[in-house]
A.B. asks: 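I have a structure I would like to understand better, so I am pasting it below and will then ask my questions one at a time.
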Amino acid sequence: MINKLLIANRGEIALRILRAARELEIPTVAAYSEADKDLMHVKMADESICIGPADSAQSYLNIPAIISAMELSGADGVHPGYGFLSENPDFAEKIEKSGFDFVGPPASVIKMMGNKISAKEFALKAGLPIVPGSTGPIDEEPHKKAEELGYPIIIKAAAGGGGRGMRIVHSKDELEDAIELTQQESSIAFGDSTVYMEKFLKNPRHIEIQVLADRHGNFLHLGDRDCSLQRRHQKVIEEAPAIGIKDEKRQEIYDQCIEACKQMNYVSAGTFEFLYENDNFYFIEMNTRIQVEHPVTESVTGLDLVKLQLRIARDEELKVKQEDVVLDGHAIECRINAEHPETFIPSPGKIVEYHAPGGIGVRMDSHLYKDYVVPPHYDSLIAKVICRANDREDARARLLRALDEMYILGIDTNLEMHRKLVTDPNFIKGGVSINYLENLNKEDSKDVE
Ligand code: ADP
């Protein structure tokens, strides 16, 4: 039972969580860093408590500070949002041990899925299709394994995340160096040098399945999303549903995800991520948390995922059954970042003018307001605009209209890039691969030269 919720995150997701809690009449406590006292949700929360300096290692990642904030404020539940401590099994375990409620799955599940090798081993056992490769750490004979798979291959850090800790290898002369470099990088970035090997899929799409489970043995899937538009392995535009997948194929992967959830006793919202190529799905990882792109699923299902997460954490049984989940229409989301449009360097600073788009089918998830100063310390995501319509083309036209209506002045943003992408002929057609945006950017920089 959560009687008071601590929000252990910042920015748009913190506001999103606050809104869901408020609809459930759960009092909120905003845990914020010294750089974040002016955040919208900090002003709106019933209570707020500073958990440390701007540096996230000392605040949003500081487990003792967050637990103290819960004790001091009397909060008995915590929503970690995404990023920060959301997939940290030690955090979830400490919360569980303190007798508080963690909004998410059990620590043991987070731990298993947090390591890409154990996640892949589980996926294989549970019957999910996986990317061909080593299902354990690279052993003494990496050359043999790589030859078996056939180049190109990708070396991945078992503890990697956020698009980091990956290296593509095109030929056998590059293999040993690539393994060593990825090991070193991973050891510095994630404190674990274990790496493994996968076949590198040349032109896949990134398709993921949203699941939801309560503590009473009810498991649901909420359809799929296509998140293939990526820059440096980070998603830029997402949509639901993914187009051009045969119904039987779709149903098969949904069933497999539900089966996997049952086998691990999954609880809360989660996402199975797949690469999809030539009509086949290949599991790459599972995110055991709410994701940035969850609103597109909300837009086509009409379900409030964060509210459902909170209800689940309060031990309620899901009222919605699989047959009630109807995917209606199409939704697309653009991630708006405070960054230089060409160099992609973050562009913090003061918002001197701000106008959010509105009207039918438009949702803007953002913590921005006029005169707010975007601090330099955190991720540059400042807004998400999500448009829903009865079909993809109408959703796209609506999104373009919303992007044109919006203005964020005083800092650089990637709004212009979104306008270009949303009118790109191949995006209009749909179904582009994960390489599409990088290739487009390369062509653009050629034009500049
Ligand atoms: P992270 O946890 O860092 O997000 P993922 O394993 O989810 O890492 O991979 C992120 C992205 O990297 C994928 O969406 C895809 O673009 C690319 N990628 C990962 N594995 C492969 C692979 N085997 N072949 C091709 N691309 C891959």
Side-chain angles (χ1 to χ4, degrees), residues 82-84 86-89 110-124 128-135 138 142 145-146 148-170 175 178-179 182 185-186 188-192 194-210 224-239 242 257 270-278 280-293 335 379 381 431-441:
Y82 51 68
F84 295 127
S86 60
E87 288 176 302
N88 182 317
I110 301 178
K111 189 164 184 184
M112 179 173 73
M113 287 301 165
N115 180 293
K116 292 186 184 186
I117 291 180
S118 54
K120 235 180 133 175
E121 279 168 353
F122 168 79
L124 185 69
L128 286 168
I130 60 169
V131 189
S134 59
T135 40
I138 298 178
K145 187 82 206 163
E148 264 168 43
L149 293 170
Y151 288 98
I153 55 126
I154 182 167
I155 307 292
K156 294 170 81 168
R164 293 185 310 154
M166 283 183 268
R167 188 166 266 104
I168 303 161
V169 186
H170 298 277
L175 183 63
I179 293 175
T182 316
E185 254 173 35
S186 172
I188 295 165
F190 311 108
D192 177 352
T194 317
V195 299
Y196 65 104
M197 186 187 293
E198 258 174 17
K199 171 105 192 129
F200 180 71
L201 303 179
K202 287 197 194 114
N203 248 337
R205 290 163 67 191
H206 174 116
I207 293 177
E208 55 187 37
I209 316 295
Q210 176 73 55
D224 44 59
R225 297 186 282 259
D226 186 330
C227 312
S228 300
L229 277 164
Q230 299 181 0
R231 198 189 144 261
R232 300 208 173 146
H233 305 303
Q234 296 268 30
K235 299 161 187 166
V236 172
I237 294 187
E238 305 98 341
E239 59 184 275
C257 290
T271 302
F272 290 88
E273 296 196 330
F274 298 90
L275 294 176
Y276 177 82
E277 195 173 61
N278 302 329
N280 288 312
F281 284 96
Y282 301 94
F283 172 82
I284 45 174
E285 66 166 346
M286 181 179 195
N287 288 148
T288 53
R289 56 171 165 84
I290 194 77
Q291 285 187 287
V292 178
E293 60 271 27
R335 295 190 188 193
D379 188 90
L381 182 74
V432 299
S433 86
I434 57 172
N435 303 312
Y436 186 70
L437 182 53
E438 293 285 1
N439 291 340
L440 208 63
N441 286 342

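In what follows, residues are counted from 1 in the order of the sequence shown. If you're wondering where the values come from, they're calculated on a predicted model, not measured in any experiment. Atoms within each ligand, like the ligands themselves, are counted from 1 in listed order.
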A.B. asks: For M112, is there any backbone N or O sitting under 3.5 Å from a side-chain donor or acceptor partner on S118?
C.D. replies: yes
A.B. asks: Considering only protein heavy atoms, which is closest to atom 10 (C) of ligand 1, and at what distance to one decimal place?
C.D. replies: M166 CE, 3.8 Å
A.B. asks: Compare every heavy atom of A119 with every heavy atom of M113, then report the nearest pair and how far apart it is.
C.D. replies: SD-CB, 3.6 Å
A.B. asks: Show me which atoms of ligand 1 lie under 4.0 Å from any heavy atom of H206.
C.D. replies: 14 (O)
A.B. asks: For atom 11 (C) of ligand 1, find the nearest protein heavy atom and state the residue, atom name and distance (0.1 Å precision).
C.D. replies: H233 ND1, 3.6 Å
A.B. asks: So for ligand 1, is F200 a polar contact partner (N or O within less than 3.5 Å, distance only)?
C.D. replies: no
A.B. asks: I need the atoms of ligand 1 closer than 4.0 Å to a non-hydrogen atom of E273, numbered in the order shown.
C.D. replies: 7 (O)
A.B. asks: Starting from atom 5 (P) of ligand 1, locate the nearest protein heavy atom and write down its residue, its atom name and how far away it is, to 0.1 Å.
C.D. replies: K116 NZ, 3.6 Å
A.B. asks: Is the backbone of E208 close enough, under 3.5 Å, to the side chain of D224 for a donor and an acceptor to pair up by distance?
C.D. replies: no
A.B. asks: So which heavy atom in the protein is nearest atom 27 (C) of ligand 1, and how far is it from that ligand atom?
C.D. replies: L275 CD1, 3.7 Å
A.B. asks: Can you confirm whether or not the ring centre of Y282 sits under 6.0 Å from the ring centre of F274?
C.D. replies: no
A.B. asks: Is there a heavy atom in K199 that sits closer than 4.0 Å to ligand 1?
C.D. replies: yes
A.B. asks: Spell out, as yes or no, whether a donor-acceptor pair under 3.5 Å connects the side chain of Q230 to the backbone of C227.
C.D. replies: yes
A.B. asks: Please report which non-hydrogen protein atom sits nearest to atom 13 (C) of ligand 1, along with the residue it belongs to and the distance in Å to one decimal place.
C.D. replies: I284 CD1, 3.9 Å
A.B. asks: I'd like to know if K202 and E277 make a salt bridge, using a cut-off of under 4.0 Å between side-chain N and carboxylate O.
C.D. replies: no
A.B. asks: Check each atom of ligand 1 against the heavy atoms of E285 and keep those under 4.0 Å away; list them by number with element.
C.D. replies: 1 (P), 2 (O), 4 (O), 5 (P), 7 (O), 8 (O)
A.B. asks: When you compare the side chains of T182 and R167, does any donor N or O come within less than 3.5 Å of an acceptor on the partner?
C.D. replies: yes
A.B. asks: Number the atoms of ligand 1 from 1 as they appear, then name those within less than 4.0 Å of a heavy atom of G161, with their elements.
C.D. replies: 1 (P), 2 (O), 3 (O)
A.B. asks: Closer than 3.5 angstrom, by distance alone: can the side chain of S228 be matched with the main-chain N or O of H206 as a donor-acceptor pair?
C.D. replies: yes
A.B. asks: Tell me the protein heavy atom at minimum distance from atom 24 (N) of ligand 1, and give that distance in Å.
C.D. replies: L201 N, 2.9 Å
A.B. asks: Just to confirm my output: which protein heavy-atom neighbour is closest to atom 19 (C) of ligand 1, and how far is it?
C.D. replies: K156 NZ, 3.3 Å
A.B. asks: Any luck finding a side-chain donor-acceptor pair between S186 and R164 under 3.5 Å?
C.D. replies: no
A.B. asks: Could you check whether Q291 and R225, counting side-chain N and O atoms only, form a donor-acceptor pair closer than 3.5 Å?
C.D. replies: yes
A.B. asks: Check ligand 1 against Q230 and write out every atom of the ligand that is under 4.0 Å from a heavy-atom position of the residue.
C.D. replies: 14 (O), 16 (O)
A.B. asks: Give the residue, atom name and distance (to 0.1 Å) of the protein heavy atom nearest atom 15 (C) of ligand 1.
C.D. replies: I434 CD1, 3.5 Å
